[in-house]
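Below is one structure, written out as structure tokens; comments come after it.
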2 protein chains.
Amino acid sequence: MKELSRRQRAILEFIERFLDENDYPPTIRDIQRELGISSTSVVDYNLKVLEARNLIRRNRNISRGIELVGRGSRRNIVTIPVIGQIAAGAPIPVPEDLETAEADETIELSADLVPDSGRGLFALRVKGHSMVDALINDGDIVLLRKQETCENGDTVAVWLKDQKETTLKKFYHEGNRIRLQPANVTMEPIYTDPENVEIQGKLVTVVRAIS
Amino acid sequence: MKELSRRQRAILEFIERFLDENDYPPTIRDIQRELGISSTSVVDYNLKVLEARNLIRRNRNISRGIELVGRGSRRNIVTIPVIGQIAAGAPIPVPEDLETAEADETIELSADLVPDSGRGLFALRVKGHSMVDALINDGDIVLLRKQETCENGDTVAVWLKDQKETTLKKFYHEGNRIRLQPANVTMEPIYTDPENVEIQGKLVTVVRAIS
DNA sequence: GGTTGACACGAACATGTGTTCGTTCCTATA
DNA sequence: TATAGGAACGAACACATGTTCGTGTCAACC
């Protein structure tokens with residue numbers, strides 16, 4: 001299998017660059033113009049090679065039908081609104097309706113990092129160091145689904161009424177009490193009365209940007 | 001400011017759906033066909049309203065020039081190869097050359113979650129519970145830049161030669177020794193000889209998919 | 001009832017865009 | 001040198017696609 005020619009590489013790079021700058025792919029004539037090629041059929045010839053090498057996919061007979069194979073696409077990306085903060089001393093700001101929730105910020109990531117393609121999720125920025133027992137740090141972004149019940153083993157944000165405190169832990173029903181287990185396996189669980197616990201949401205993903 | 005009409009909402013939703021399924025936007029006739037509209041000028045009319053409401057942007061006089069405004073685009077997404085694992089008992093698999101590194105998997109996320117638009121980064125999947133002092137859990141994905149030196153305060157993956165162990169900690173030069181500080185602020189630092197320490201990479205981002 | 005503005009329709013046109021075919025050039029090989 | 005295959009070229013064509021204009025309908029308002 002031969003190496004790509006210089007021109008083929010240039011075409012591939014141009015497509016990548018074009019997609020960096022636009023939300024639609026280039027036309028054959030865009031490629032032609034940009035690379036100083038004198039005929040659309042040369043572009044076509046080289047696109048055929050790139051397609052045979054599975055570096056691009058061409059949707060035929062429609063305009064701008066070029067897709068880059070290795071790049072991934074928007075199809076696999078989900079956008080989650082960051083709607084506020086989570087801190088120990090307050091209940092979390094659970095949105096009534098995600099469609100209209102105020103979000104100054106969004107976070108985008110591969111759909112396979114979240115359940116159900118990100119439907120129904122919201123994100124909160126962690127404030128403080130009080131969630132380290134959940135292996136969550138100040139400044140981390142946590143992604144949650146709003147729910148008021150859960151399965152055993154789910155990691156949930158709960159509001160502890162007596163302590164007036166929000167915490168993130170694994171949740172287990174045990175007879176007539178609740179066990180809240182830290183994600184940090186070296187730490188002790190807490191046990192509490194079901195009446196003391198308000199589930200606010202289920203934790204699905206954590207993102208930490210360090211630098 | 002009026003509500004969107006039913007048809008305008010339908011058009012907007014169709015564009016979103018189309019972009020979920022394709023790497024290029026729909027044409028006006030795609031929209032027309034799909035929604036059973038009898039004339040391209042109706043599509044045009046409603047697109048004009050959506051544009052005036054800043055819900056879409058139209059690049060004029062080119063085919064498939066519609067961009068969704070709220071959605072974000074591939075432009076802000078970076079793709080990072082997941083090239084292996086990080087575990088305590090072995091040095092990490094630092095790639096010679098990221099362009100050609102073998103990656104069965106990639107992770108994609110907003111460029112603002114990583115430095116330098118993700119250039120030069122690779123990802124590793126955490127194996128085991130030995131990084132909890134870095135608030136990193138089994139199964140997490142850590143994103144690193146390959147580097148063999150660092151600044152004070154950088155969180156780095158280091159190979160401790162005597163202990164034959166990889167660890168992730170904040171790195172500080174202190175006179176003739178190195179202080180490695182856990183991200184978990186409640187835990188004690190370790191001090192070691194510079195000769196014992198091999199910096200393998202700088203940690204930039206952590207992602208944890210819980211469910 | 002008349003008027004106005006929003007919205008839909010149809011048709012036509014202009015141009016954007018992809019495809020195809022035949023020819024020529026270039027390079028490597030025998 | 002001759003040959004073959006890869007690659008480039010040019011031209012033409014077909015059709016995909018966006019734009020524009022005029023007309024009609026409907027609902028609200030005076």
Side-chain angles (χ1 to χ4, degrees), chain A residues 1-69 73-74, chain B residues 1-19 21-69 73:
Chain A
M1 177 73 65
K2 294 209 22 227
E3 279 270 312
L4 289 187
S5 74
R6 184 188 303 237
R7 175 155 277 165
Q8 284 150 17
R9 241 179 295 127
I11 291 176
L12 195 58
E13 280 163 18
F14 173 67
I15 297 171
E16 283 169 358
R17 231 182 311 136
F18 193 95
L19 288 168
D20 279 343
E21 289 160 16
N22 300 283
D23 286 348
Y24 47 85
T27 64
I28 287 165
R29 286 177 170 88
D30 288 333
I31 297 169
Q32 180 189 355
R33 250 187 326 262
E34 174 67 22
L35 300 186
I37 296 168
S38 66
S39 165
T40 57
S41 55
V42 180
V43 179
D44 184 50
Y45 173 86
N46 287 288
L47 288 177
K48 277 191 167 84
V49 176
L50 292 174
E51 192 180 28
R53 304 280 283 273
N54 206 34
L55 296 169
I56 65 172
R57 215 167 24 238
R58 297 175 75 189
N59 297 279
R60 290 305 192 132
N61 299 308
I62 65 163
S63 65
R64 300 186 190 272
I66 300 174
E67 300 180 278
L68 272 185
V69 166
S73 71
R74 278 291 327 185
Chain B
M1 176 72 61
K2 293 208 24 225
E3 280 269 310
L4 289 187
S5 74
R6 183 189 303 234
R7 176 157 276 164
Q8 284 151 15
R9 243 181 294 130
I11 290 176
L12 196 57
E13 281 162 17
F14 173 69
I15 296 171
E16 283 168 359
R17 233 184 309 135
F18 193 95
L19 286 169
E21 290 160 15
N22 300 281
D23 286 349
Y24 47 85
T27 63
I28 287 163
R29 284 176 172 89
D30 289 333
I31 296 168
Q32 180 189 359
R33 248 185 330 265
E34 174 67 24
L35 300 185
I37 295 168
S38 66
S39 164
T40 57
S41 54
V42 179
V43 178
D44 184 50
Y45 172 86
N46 286 287
L47 287 178
K48 278 191 168 83
V49 175
L50 292 175
E51 191 180 25
R53 303 280 284 272
N54 206 38
L55 296 168
I56 64 170
R57 218 165 24 235
R58 296 175 76 188
N59 296 280
R60 288 313 197 120
N61 299 309
I62 65 162
S63 65
R64 299 186 191 272
I66 299 172
E67 302 181 280
L68 274 183
V69 166
S73 70

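The shown structure was predicted, so the numbers you read here are calculated from the model rather than taken from an experiment. Just so we're on the same page: letters track the sequence lines, and every chain starts at 1.
Distances from the side chain of A/R29 to the nucleotides C/dT19, D/dG10, C/dG18 place C/dG18 closest. Of all nucleotides listed (C/dA8, D/dA11, D/dA8), C/dA8 comes nearest to the side chain of B/V42. Taking the side chain of B/T27 as heavy atoms from C-beta on, and the options D/dC9, D/dT17, C/dG10, the nearest nucleotide is D/dT17. Distance from the side chain of B/I62 is smallest to C/dT17 among D/dG10, C/dT17, C/dT19. Comparing D/dC9, C/dG10, C/dT19 against the side chain of A/N61 picks out C/dT19 as the nearest.
The nearest whole Å value for the distance from the CG atom in A/D44 to the C1' atom in D/dA11 is 15 Å. In this structure, B/D30 atom CG and D/dC15 atom C1' are separated by 14 Å, rounded to whole Å. In this structure, A/I28 atom CD1 and D/dA8 atom P are separated by 15 Å, rounded to whole Å. Counting to the nearest Å, the P atom of C/dG18 and the OH atom of A/Y24 are 13 Å from each other. Taking atom CZ on B/R7 and atom P on C/dA6, their separation rounds to 17 Å, with Å as the unit. Residue B/R33 contributes atom CZ, which lies 8 Å from atom P of D/dT17 at whole-angstrom precision. The interatomic distance linking B/L47 (CG) with D/dT17 (C1') rounds to 13 Å, in whole Å. Between A/Q32 atom CD and C/dG16 atom P the separation is 14 Å, expressed in whole Å.
Across all strands, A/R58 comes closer than 4.0 Å only to sugar-phosphate atoms, never to a base (heavy-atom distances).
Side-chain atoms of B/T40 and base atoms of D/dT17 include no donor and acceptor less than 3.5 Å apart.
No donor-acceptor pair closer than 3.5 Å links the side chain of A/R57 to the backbone N or O of A/E67. Without hydrogens or angle criteria, A/N22 side chain to A/F18 main chain gives a donor-acceptor distance under 3.5 Å.
Contact between the side-chain N/O atoms of A/Y45 and the OP1/OP2 oxygens of D/dA8 is not found at any separation under 4.0 Å. Close to D/dA8, at under 4.0 Å from its OP1 or OP2, lies a side-chain N or O of A/N46. Residue B/S63 places at least one side-chain N or O under 4.0 Å from the OP1 or OP2 atom of C/dT17. Using a 4.0 Å cut-off, no side-chain N or O of B/R64 falls inside it from OP1 or OP2 of D/dA16. Regarding contacts with the backbone of D/dG18, every side-chain N or O of B/R60 stays at 4.0 angstrom or more from both OP1 and OP2. In terms of phosphate contacts, B/S39 brings no side-chain nitrogen or oxygen within less than 4.0 Å of OP1 or OP2 of C/dA11. Distances shown here put a side-chain N or O of B/S38 below 4.0 Å from the OP1 or OP2 atom of C/dG10.
Ranked by how close their nearest DNA chain C nucleotide is to the 5' end, B/S41 and A/P26 are led by B/S41.
Paired with B/L55 under the rule side chain to side chain contact (heavy atoms under 4.5 Å, CB included), one option of B/L47, B/V69, B/L12 passes, and it is B/L12.
Taking all atoms of both residues into account, the shortest heavy-atom contact from A/P26 to A/I15 is CG-CG1, 4.1 Å. Summarising the geometry of A/Q8 relative to A/L4, their closest heavy-atom pair is OE1-CA, 3.6 Å, with the distance given to 0.1 Å.
Counted by atom type alone, B/D30 and B/T27 present one or more donor-acceptor pairs between their side chains at under 3.5 Å.
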